[in-house]
Every structure is written in structure tokens, then in C-alpha cells.
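First up is the structure itself, then whatever we jot down about it.
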Amino acid sequence: MKQKAYARAGVDIDLGNRVKATLPQLLASTHRPEVLGKVGGFGGLFALDVKKYREPVLVSSTDGVGTKLKLAFAMDRHDTIGEDLVNHCVDDIAVLGAEPLFFLDYIGTGSLKPRVFTELIEGFARGCARNRCALIGGETAQMPGFYQPGEYDVSGTIVGVVEKSRMLDGRRIKPGDVVIGLASSGLHTNGYSLARKIFFEKLKLKPKSRVAALGNRTIGDELLKVHVSYGPLVQALLKKFNPAKARIVKGLAHITGGGFVDNIPRVLPGNCDVVIRKESWDMPAIFQMIQERGGVPEVELYQVFNMGIGMTVIVAAERAGAVLNFIKARKQKAWVIGEVIRGKGVARVV
């Protein structure tokens with residue numbers, strides 16, 4: 001059959017339709033009873049059960065995964081990127097106490113590759129299923145000539161809900177409170193432009209180079225470790241320690257781009273500072289390599305990378321031990337890494 005003119009121009013609508021026909025099966029694991037209709041409509045439908053809340057507040061966030069995509073291209077591995085994106089978005093709204101409801105994705109590419117598309121969607125579905133978040137729609141755009149061959153971009157939007165009276169806004173944080181740090185799996189989705197410069201330009205490594213300091217793993221596999229989702233743990237913490245009017249957990253910060261220095265102040269009252277003690281947790285080997293061989297001033301490292309801490313939890317000092325034990329009982333590594341002092345709303349690492 002003669003190829004259609006649009007396909008000759010680089011956009012194969014029929015291929016896109018065949019690939020998208022697999023979506024219902026791929027997304028079945030993400031279904032929630034509130035989802036109406038089917039994937040593929042002009043808009044995703046979600047019937048919020050307002051009877052569960054007195055004053056429901058919708059919480060939304062949108063993001064991408066940055067130049068971590070360059071590692072996926074180099075390794076020809078695309079099964080983790082979708083999960084990274086979902087987990088990053090879940091963590092962004094978890095800091096407000098929100099439960100994720102639904103997620104939408106965007107994939108832009110020059111030429112649609114069925115295997116790559118399927119791996120990306122499987123990652124989205126896996127992340128959504130593990131966070132009890134419905135994947136209700138998205139967009140796949142074929143734009144020949146816009147992207148380098150073999151490359152694509154992804155972004156995602158999440159919507160969640162929190163009871164207004166239980167929303168975490170940091171207002172109750174006060175001097176004397178304790179900061180608990182939750183371990184990250186690695187770089188998560190931030191700092192990759194600098195990390196790639198260090199590993200591939202300065203140290204002359206290749207994505208498939210094996211590194212003894214990393215347990216003989218390839219640097220590419222290490223940098224593709226999936227961003228941790230703290231959402232289910234946060235919901236469990238709030239159920240346990242913030243029932244009714246109790247507010248043991250006072251504030252959360254997702255340690256993304258900007259590191260400790262820029263992210264923790266986003267949840268601080270204007271009269272409080274946070275002091276983070278950098279020797280108080282077990283720093284993963286990947287960050288030790290960056291610190292020892294990257295040639296980057298230490299103060300900048302803690303503003304670019306998470307350095308092994310993916311989220312901070314600010315809690316009342318008298319219950320810090322109980323909160324820490326609760327977290328560890330759920331197989332999440334965590335440490336007391338700092339404290340709140342009087343100040344002007346800044347965070348510093350000492």
C-alpha cells in the first residue's frame with residue numbers, strides 16, 4: 001500500500017493509532033472507581049467523591065524529568081522514565097498532605113517508536129498503580145525535525161486532594177522542632193546536567209562504564225535509578241501522627257532542584273531557619289564520587305543535588321523518635337538530620 005503523504009512527511013497517524021490501541025490493557029492497573037469514560041476521549045473524566053471531605057482542596061503539579069532523559073537515550077532504556085515522572089509529581093503534592101487522584105502525560109517525539117512508547121507507558125502505569133493514582137489521559141505528539149533522532153521529551157500533570165483543615169502549610173513549625181531526612185535512591189530527577197558534565201566530560205566515563213565505587217554497576221544504571229515515591233509513606237505518617245487536631249508532622253519539603261538551600265525555605269515560617277548537619281546521614285556512593293572528584297564547591301553541591309535525602313519531615317521534637325521508628329518500620333531509611341532555630345526563613349548546611 002502506498003504510504004500516506006503525512007507519513008512521508010514523518011507523522012504516521014496509523015502507526016500512532018495502532019500503538020495507542022494497546023493503552024486500555026496497559027492502563028488497567030491504574031483504574032480507580034472514580035474514573036468515568038475511557039482513555040482516548042477529548043478529556044479525562046474523574047468524579048471526585050466529595051462526601052469523603054468537608055472542605056476538599058485540589059492540589060496540582062506539573063513537571064518533567066530534565067536531562068535524565070539523555071541517560072535513557074544513551075542506555076536505550078526507557079522503562080524507568082515514566083515511573084520517575086509519576087513519583088516526582090506525587091512527591092510534589094505529598095508535601096501538602098495531598099492524596100494523588102489522577103495523572104496525565106505528554107510525550108513529544110520526532111518519530112514514534114512502538115517499543116519506546118510502550119516502555120514509557122508501562123512506567124507511567126507502574127508508578128500510578130503503586131501510588132493509587134489513575135492514569136486518565138495524555139497526549140503523544142509526533143513532530144519530525146523538532147527533536148534529534150531517537151530522542152523525545154515527557155512531562156506529566158498530577159491532581160490530588162487534601163482536606164483543607166489537614167493541609168500541611170508549615171505554619172506550625174517553630175524553633176526546637178526536629179528535621180528528619182528520608183533517604184533517596186540517588187539523583188532522582190535533578191542535577192543531571194552537572195552530573196553528566198562531571199562523569200562524561202571531566203572523568204571521561206561512558207554510560208556503560210562499570211565503576212568499582214558503585215559496586216561495579218554501570219554509571220548509566222546508577223543514574224537511571226528510579227525516583228523514590230514517598231506518597232504512601234506520607235499518607236501513613238499523617239494518619240498515624242496527625243489525627244484530628246494533633247499536628248506532630250508540621251512540614252515536608254521535597255528535595256528537588258535547588259537542594260536543601262532552596263526547597264526547605266518553601267515550607268518555613270518567616271521567623272524560622274533550618275540547620276542541616278551534613279554528617280548525619282549515610283551519603284550514597286554516587287554523591288561521594290561527585291563530591292570527591294567533581295571539582296564543585298561543597299556549598300553548591302547541597303543546592304544542586306539531594307545528596308542522599310529525597311524528602312525532609314519537620315516534626316515536634318518530643319515525638320521525633322516515634323516518627324523515626326515508624327518510618328524505619330516501613331523499610332524506609334531515615335535519620336534525624338537537623339533542627340529548626342530562630343531566624344529569617346532560610347536553610348543552611350553545616
Taking atom NZ as the centre, does K174 end up with more than 12 heavy-atom neighbours from other residues, nucleotides or ligands that are less than 6.0 angstrom away?
no

Spell out, yes or no, whether L237 and V178 are grouped together once hydrophobic residues are joined by side-chain heavy atoms under 4.5 Å, including indirect joins.
yes

Please identify each residue that fulfils ring pair (Phe, Tyr, Trp, His ring centres under 6.0 Å) with Y147, with sequence neighbours left out.
none

Look up atom CD1 in I158 and atom CG in D105, then write down how far apart they are to the nearest 0.5 Å.
12.0 Å

Under 4.5 Å between any side-chain heavy atoms of L182 and K333, yes or no?
no

Given K52 and E163, is the salt bridge (charged side-chain N to carboxylate O under 4.0 Å, His left out) satisfied, shown in steps?
CA-CA 9 Å; K52 290 174 58 177; E163 184 70 62; over 6 Å; no

Quick one: side chains of residues 261-270, donor-acceptor pairs under 3.5 Å with protein atoms, not counting sequence neighbours, listed by atom name and distance.
unit_1: D262; atom_1: OD1; unit_2: Q303; atom_2: NE2; d: 3.3
unit_1: D262; atom_1: OD2; unit_2: Q303; atom_2: NE2; d: 3.2
unit_1: N263; atom_1: OD1; unit_2: R266; atom_2: NH1; d: 2.8
unit_1: N263; atom_1: ND2; unit_2: T256; atom_2: O; d: 3.3
unit_1: N263; atom_1: ND2; unit_2: G257; atom_2: O; d: 3.2
unit_1: N263; atom_1: ND2; unit_2: G259; atom_2: O; d: 2.8

T189 vs D84, side-chain hydrogen bond (donor to acceptor under 3.5 Å, both in side chains): CA-CA, chis, key distance, verdict
CA-CA 7 Å; T189 51; D84 279 323; over 6 Å; no

For residues 172-210, the ring pair (Phe, Tyr, Trp, His ring centres under 6.0 Å) pairs (sequence neighbours left out) are H188-H227

N/O donor to acceptor pairs below 3.5 angstrom from side-chain atoms of residues 311-319, sequence neighbours left out:
none

As a quick check of understanding, evaluate side chain to side chain contact (heavy atoms under 4.5 Å, CB included) for R210 and R217, giving each step before the final call.
CA-CA 5 Å; R210 295 191 177 275; R217 290 169 57 88; 5.5 Å; no

What is the ring orientation for W281 with F260, classed by angle as parallel under 30°, tilted 30 to 60°, or perpendicular over 60°?
tilted

Where is the tightest heavy-atom contact between G345 and D273, given as atom of each residue plus distance?
N-OD1, 2.9 Å

Donor-acceptor contacts, no H, no angles, side chain residues 134-144, under 3.5 Å, sequence neighbours left out:
unit_1: Q142; atom_1: OE1; unit_2: D12; atom_2: N; d: 3.3
unit_1: Q142; atom_1: NE2; unit_2: D12; atom_2: O; d: 3.2

Determine all donor-acceptor pairs shorter than 3.5 Å in which one atom belongs to a side chain in residues 334-344; sequence neighbours excluded.
unit_1: E339; atom_1: OE2; unit_2: R277; atom_2: NE; d: 3.2
unit_1: E339; atom_1: OE2; unit_2: R277; atom_2: NH2; d: 2.5

Mind checking whether Y106 and V65 sit in one hydrophobic cluster, side chains of I, L, V, M, F, W, Y counted as touching below 4.5 Å?
no

Should V349 and I180 be counted in the same cluster of Ile, Leu, Val, Met, Phe, Trp and Tyr side chains packed under 4.5 Å apart?
no

Non-neighbouring partners of D91 that pass salt bridge (charged side-chain N to carboxylate O under 4.0 Å, His left out), sequence neighbours left out
none

List in chain and number order the residues that pass salt bridge (charged side-chain N to carboxylate O under 4.0 Å, His left out) with R166, two or more places apart in sequence or in another chain; answer none if no residue qualifies.
none

Can you tell me how far the NZ atom of K197 sits from the NZ atom of K202, to the nearest 0.5 Å?
10.5 Å

Could you go step by step and tell me if N190 and N306 meet the side-chain hydrogen bond (donor to acceptor under 3.5 Å, both in side chains) rule?
CA-CA 8 Å; N190 293 99; N306 67 61; over 6 Å; no

Who passes salt bridge (charged side-chain N to carboxylate O under 4.0 Å, His left out) against E34, sequence neighbours left out?
R32

If I take atom OG from residue S29 and atom CZ from residue R130, how far apart are they, to the nearest 0.5 angstrom?
10.0 Å

Would you mind writing out the side-chain donor-acceptor pairs for residues 73-80 within the sub-3.5 Å range, not counting sequence neighbours?
unit_1: D76; atom_1: OD1; unit_2: H78; atom_2: NE2; d: 3.0
unit_1: D76; atom_1: OD1; unit_2: R115; atom_2: NH2; d: 2.7
unit_1: D76; atom_1: OD2; unit_2: R115; atom_2: NH2; d: 2.9
unit_1: R77; atom_1: NE; unit_2: D79; atom_2: OD1; d: 3.4
unit_1: R77; atom_1: NH1; unit_2: D221; atom_2: OD1; d: 3.0
unit_1: H78; atom_1: ND1; unit_2: Y152; atom_2: OH; d: 2.8

Could you grab the distance from atom CD of Q332 to atom OH of Y230, nearest 0.5 Å is fine?
5.5 Å

Would a hydrophobic clustering, with Ile, Leu, Val, Met, Phe, Trp and Tyr connected at side-chain separations under 4.5 Å, put V95 with V234?
yes

Can we say D49 and K51 salt-bridge, meaning some charged N sits less than 4.0 Å from an Asp/Glu carboxylate O?
no

Hey, does F102 have a side-chain heavy atom less than 4.5 Å from the side chain of L48?
no

I need the D92 CG to L252 CG distance, nearest 0.5 Å.
12.0 Å

Got a second to check how far H254's NE2 is from D63's CG, nearest 0.5 Å?
8.5 Å

For F241, which residues count as a ring pair (Phe, Tyr, Trp, His ring centres under 6.0 Å) partner, sequence neighbours excluded?
F326

When hydrophobic residues are tied together by side-chain contacts of less than 4.5 Å, even through go-betweens, does V179 share a cluster with L324?
no

Which atom pairs, donor and acceptor, lie under 3.5 Å between side-chain atoms of residues 284-291 and protein residues at least two apart or in another chain?
unit_1: Q288; atom_1: NE2; unit_2: M283; atom_2: O; d: 2.7
unit_1: Q291; atom_1: NE2; unit_2: E298; atom_2: OE2; d: 2.9

